[in-house]
Every structure is written in structure tokens, then in C-alpha cells.
Participant: 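The following block contains the structure, expressed as C-alpha cells.
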Amino acid sequence: MEAEYPSWEVQQKALGDILYFADRILGVKQIWPEWRKVLKEFYSGRYHELVACVGMGSGKTYVAAIICTYEFYKLINMPVSYTHLTLPTN
């Protein structure tokens with residue numbers, strides 16, 4: 001069975017919206033509504049750090065995995081990664 005890849009339009013829209021990325025690229029449908037609000041606010045551009053002081057079993061690791069995957073997805077879709085990250089060219 002062959003994997004179905006998302007269209008170019010879906011891939012490009014996913015670069016700007018973590019919730020769209022989780023739904024359409026990862027196929028995740030089980031993010032709690034409160035976590036959806038947190039992610040939307042965090043990726044609004046006003047924050048650089050996320051501290052989650054919540055209880056056991058609240059989905060911290062699950063959401064952290066989504067965030068890491070999304071950040072990696074954005075990184076591998078940069079045209080030339082080292083220029084954005086101020087890394088040496090060689």
C-alpha cells in the first residue's frame with residue numbers, strides 16, 4: 001500500500017499553522033481544546049517560550065512531540081537552513 005502525500009497547497013499552509021499541520025500532515029485529531037488554545041496563542045508570535053505547569057496525564061509529552069515535529073517540518077522546508085540559523089556555511 002502506497003502512502004498518500006499531502007498536496008503542495010496543504011504542505012505550504014501547514015508551514016504557517018501548527019494546528020493545521022497536526023490535523024492534515026500528522027493526522028492528529030485528539031488534541032484537547034485547551035491545548036489547541038495554548039498552541040494557537042503560543043504560535044501567534046508574541047511568545048518565545050512555553051512553560052506548561054499542568055497535571056499528570058494532561059498531554060504535555062504529546063503536545064511537546066507535536067511542537068518538535070512541527071519545528072522540524074519548518075526547518076526542513078527552509079530553502080537554505082544555515083542562513084536562517086546563522087550557522088557557518090562550511
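Counting from 1, the numbers follow the sequence of the chain as shown.
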Participant: Looking only at heavy atoms, what is the nearest atom pair of F21 and I66, with distance?
Facilitator: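 It is CE2-O, 4.3 Å.
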Participant: Restricting to pairs with a member in residues 45-54, which pass salt bridge (charged side-chain N to carboxylate O under 4.0 Å, His left out), not counting sequence neighbours?
Facilitator: E41-R46
Participant: Quick one: list whatever passes ring-ring contact (aromatic ring centres under 6.0 Å, His included) with Y62, sequence neighbours left out.
Facilitator: none
Participant: Please enumerate all residues that pass salt bridge (charged side-chain N to carboxylate O under 4.0 Å, His left out) together with K29, with sequence neighbours excluded.
Facilitator: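 Applying salt bridge (charged side-chain N to carboxylate O under 4.0 Å, His left out) to K29 gives none.
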Participant: Taking side-chain contact (heavy atoms from CB on, under 4.5 Å) as the definition, give me every residue that meets it alongside S7, ordered by chain and number, with sequence neighbours left out.
Facilitator: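 Checked S7 against side-chain contact (heavy atoms from CB on, under 4.5 Å); matches are E9, V10.
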Participant: At what distance, to the nearest 0.5 angstrom, does CG of L50 lie from CD1 of I67?
Facilitator: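 That separation rounds to 5.5 Å.
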Participant: So do V38 and V63 actually touch side chain to side chain, heavy atoms under 4.5 Å?
Facilitator: no
Participant: Is there any side chain to side chain donor-acceptor pair (under 3.5 Å) pair reaching into residues 10-21, and which pairs are they, with sequence neighbours excluded?
Facilitator: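 Applying side chain to side chain donor-acceptor pair (under 3.5 Å) to every pair that reaches into residues 10-21, excluding sequence neighbours, yields Y20-R24.
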Participant: If you look only at pairs with a residue in residues 59-80, which of them pass as a salt bridge (charged side-chain N to carboxylate O under 4.0 Å, His left out), with sequence neighbours excluded?
Facilitator: E71-K74
Participant: How long is the gap from CD1 on I31 to NZ on K37, to the nearest 0.5 Å?
Facilitator: 14.0 Å
Participant: Applying ring-ring contact (aromatic ring centres under 6.0 Å, His included) as the test, list every pair that has at least one member in residues 23-52; sequence neighbours left out.
Facilitator: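 Residue pairs passing ring-ring contact (aromatic ring centres under 6.0 Å, His included), neighbours aside: Y43-Y70.
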Participant: Of all heavy-atom pairs between R36 and D23, which one has the smallest distance, and what is that distance?
Facilitator: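 Smallest heavy-atom distance, with atoms named: NH2-OD1, 3.0 Å.
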